[in-house]
Every structure is written in C-alpha cells, then in structure tokens.
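Data block below; observations after.
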Amino acid sequence: MISSLKQPALSINGSDFLRPQRNFQTYFSQVLPSLGAAKTRRSSVLSLSKPLHISILESLSDDKFKARSPITCKAYEADRSEPVGESPVVGSEAARKVKIGIYFATWWGLNVIFNIYNKKVLNAYAFPWLTSTLSLAAGSLIMLISWALRIAEPPKTDLDFWKSLFPVAVAHTIGHVAATVSMSKVAVSFTHIIKSGEPAFSVLVSRFILGESFPPGVYLSLLPIIGGCGLAALTELNFNMTGFMGAMISNLAFVFRNIFSKKGMKGKSISGMNYYACLSMLSLVILTPFAFAVEGPQLWATGFREALSPTGPGSQIVWWMAAQSVFYHLYNQVSYMSLDEISPLTFSVGNTMKRISVIVSSIIIFQTPVQPVNALGAAIAVLGTFLYSQAKQ
C-alpha cells in the first residue's frame, strides 16, 4: 500500500556521505516520522506486524534538493499493492444495508396502503373475485409497459419455464382469492392474525407430505402460533366462518406455492421482479374465467351502480379500486426483489414485522374494536411466527 510522507527540505552535502563517522540514520529520524505518529494523523491504519518495502526514494543529491523541496517516500506493505484508504468492501456493505432497509420500509409501507384500500373497496363493493382479478391485471399491465419501454429488462423464458411456473400460479391464485374473500367478510387485522399461522401449515405439509423433519425447536414454536390464532379467533367480536376459512385456505395455498416454486425453479435464472411479473400474468389467465363464472358481469354492474349511488362512496370507488390494484402489485414486487438481496431468515423476520404493521395500522384506521384477550392472542401468534423463523435456521 502506498504511503506518501512529505517533510520540509533538508540541506545535505554530497561530501557528507564520505564521512564514516557521521551517522546518517539521524537524517532518517528527522525526515521520516515514526509509524505511530503517522498512524495518529491518518484515518487509514498501517499494520506494524508487516514489513515495509521502500519502492521509490528520491535522490539526495544537492540538485534534487534544490529543485524539489519535499522528499517523497513511497512504501508498500508486504501483502498489499493498493494505496492506503477506505476498504471498498466496507463501503459496499454499508450501501447494501441501506438498500435492504429501503426495501423493507417500502415493502411494509406499500402493504399497509394496499390493505387499507383493499378493505375500503370490499366494504363498498363486495366482489372479491373481481377485485382479485383487477389486482393481477394491473400488475401484468405495469410490467408489460415496463418491458416494452425497456424500463425493466424482459426475461428470457421458454416453454419449460412456464410449465414449471404453472403449479406455482395455481397455488398463488387460490391463495390470493381466498385472502381477498376473507377480507371481504372479517376485519383486516383478523385475517392477518390467522395468516400469521402459515408456518404451522408449512411444517405440517413438509412433515407429512414431503417427509421432511425439523429440529424440536421448530415444533415447539408452533404451539404459540396455533394457540395465539385460536385465542384470537375465539375472542373475535365480528367472527365469520367464511372469513376464517378463507384465511386458512390462503395459508395452505401459499405453502404449496412456496414448495412448488422451490422445486420447479431450481436451475432457472430470473430476477425476483420478473419472476413475480410472470407469476401474475399466468395467475391472471387462470383466474379470469373463474371470476366470470362465480360472479359475472351482471352482478358486477349492479354492484357498481350501488357503489355510485348517493348512499355509496360515489366516484371514489374508482380511485380505491385503481389504488388497491396498483399497490398490490408494487408491494409484492418489492418483496420478491428483496429476496434477491437477503437470506430467507431475514425475509421471514421482515414478513413477521410486516404483519404487525398491517394489524396495528388497520385497527387504528378502521377503529376495529379489540378486546384485551383478542390482542393477547394476536401478540402470541406473531411471537410464535418470529420464534419459528429463528428455530428453522
């Protein structure tokens, strides 16, 4: 590592070098400061345990000293070949942490906004199948425009990719619709409390269907999850069986989505953003015919007229529907993008914190009545989810 040390000029006669009785070492003590002194004046650190090799030492002749006032000494540490300075690894790691923090804050914020607008839409326009379809359609349109304008690089896919993605899309579609149906029947906070029990489904499916085994800590962490969800369900003031079953089906569907995604996408290189875009498009193709069959245009038109009536929200329903559709895609896209930067453990912790933010914010905004026992059940369930993410690692 190069270190440049400059001192005022020192007059030395050439004849001085011919006198053996003169100790030239004293000149170096004046010209070159001690390593300890240099260390205190510089932000970088030189290792004292490694030898320094003199690379360049300017000539000490009279002509040189007259032409140049400073003496420049350059040295390398034995195992370095770059100038002393801030390590680029440290800088890049700090930038990465900032990037992950931005991802998390954006992910949580977008998810809270989506849940608020989604609940507003479902309260005024209770057609969860159409609402789910619009969410996927908005995301698909956003990504098609991004690819066309080269804002995002389009993925390189083949038939095998879409075949592997199909079971993932089926599970994603079921989970998405079931969660929307649940939110149309019960409070947002209750849906997310039940959805915090997803790890229990993951362990049960992996154990009894896939034959996987887990450490004892993982099984123990399921106790507070199941107990907390059960306590919250029993004490929910506005309990609805359809809403409860919708959240449970959503949990099971998303577990299979993760399993199919892990198995089917091995060896395939695609970014998280493009992966979710393809997943949304395929889910839209799967969901659209079912939405027409279950609800249909006639019911949609009737419900829309009621929403636009004086007793409904009026034209605001259009803005709410657009907002929930766009924010649904954005928060999912950011969550998949964050997976490219963080470990599954960090993602699980972030997902737990996301549920807390959604539960708390929805209770405040919608003024959902909560009993102390109900709040205790929610806290136990969320804590169990956190313990599960820790134990699984």
Identify every side-chain donor-acceptor pair in residues 361-373 under 3.5 Å, counting partners at least two apart or on other chains, and give the distances.
| unit_1 | atom_1 | unit_2 | atom_2 | d |
| --- | --- | --- | --- | --- |
| Ser361 | OG | Ser357 | O | 2.7 |
| Ser361 | OG | Val358 | O | 3.1 |
| Ser362 | OG | Val358 | O | 2.9 |
| Ser362 | OG | Ile359 | O | 3.0 |

Mutual orientation of the aromatic rings belonging to Tyr331 and Tyr328 [parallel < 30°, tilted 30-60°, perpendicular > 60°]: perpendicular

Below 30° counts as parallel, above 60° as perpendicular, anything between as tilted: where do the rings of Trp319 and Tyr117 land? perpendicular

So, do Trp107 and Tyr103 have ring centers that fall under 6.0 Å from each other? no

Stepwise ring-ring contact (aromatic ring centres under 6.0 Å, His included) test for Tyr276 and His329: CA-CA 9 Å; Tyr276 180 71; His329 173 77; 5.7 Å; yes

Which pairs with one or both residues in residues 277-298 pass ring pair (Phe, Tyr, Trp, His ring centres under 6.0 Å), sequence neighbours excluded? Phe292-Trp300

ring-ring contact (aromatic ring centres under 6.0 Å, His included) filter on Phe244, not counting sequence neighbours, yields Phe239

Applying salt bridge (charged side-chain N to carboxylate O under 4.0 Å, His left out), name anything that partners Glu153, two or more places apart in sequence or on another chain. Arg150

Min side-chain heavy-atom separation Glu236-Val186 under 4.5 Å: no

Does the side chain of Asn111 reach to within under 4.5 Å of the side chain of Phe327, using non-hydrogen atoms? no

Report whether Trp162 and Tyr275 are members of the same hydrophobic cluster (ILVMFWY, side-chain heavy atoms less than 4.5 Å apart, transitive linking). yes

Side chain of Asn251, backbone of Ile194: donor and acceptor closer than 3.5 Å? yes

Consider only side-chain N and O atoms of Asn274 and Trp147, and report whether a donor and an acceptor are under 3.5 Å apart. yes

Any pair counted as side chain to side chain donor-acceptor pair (under 3.5 Å), so long as it reaches residues 185-198, sequence neighbours left out: Asn115-His192, Ser182-Thr191, His192-Arg355, Lys195-Ser250

Could you list the donor-acceptor pairs under 3.5 angstrom formed between side-chain atoms of residues 376-384 and any protein atom two or more places apart in sequence or on another chain?
none

Which is it for Gln324 and Ser135 under the side chain to side chain donor-acceptor pair (under 3.5 Å) test, yes or no, and what are the steps along the way? CA-CA 7 Å; Gln324 74 88 22; Ser135 301; 3.2 Å; yes

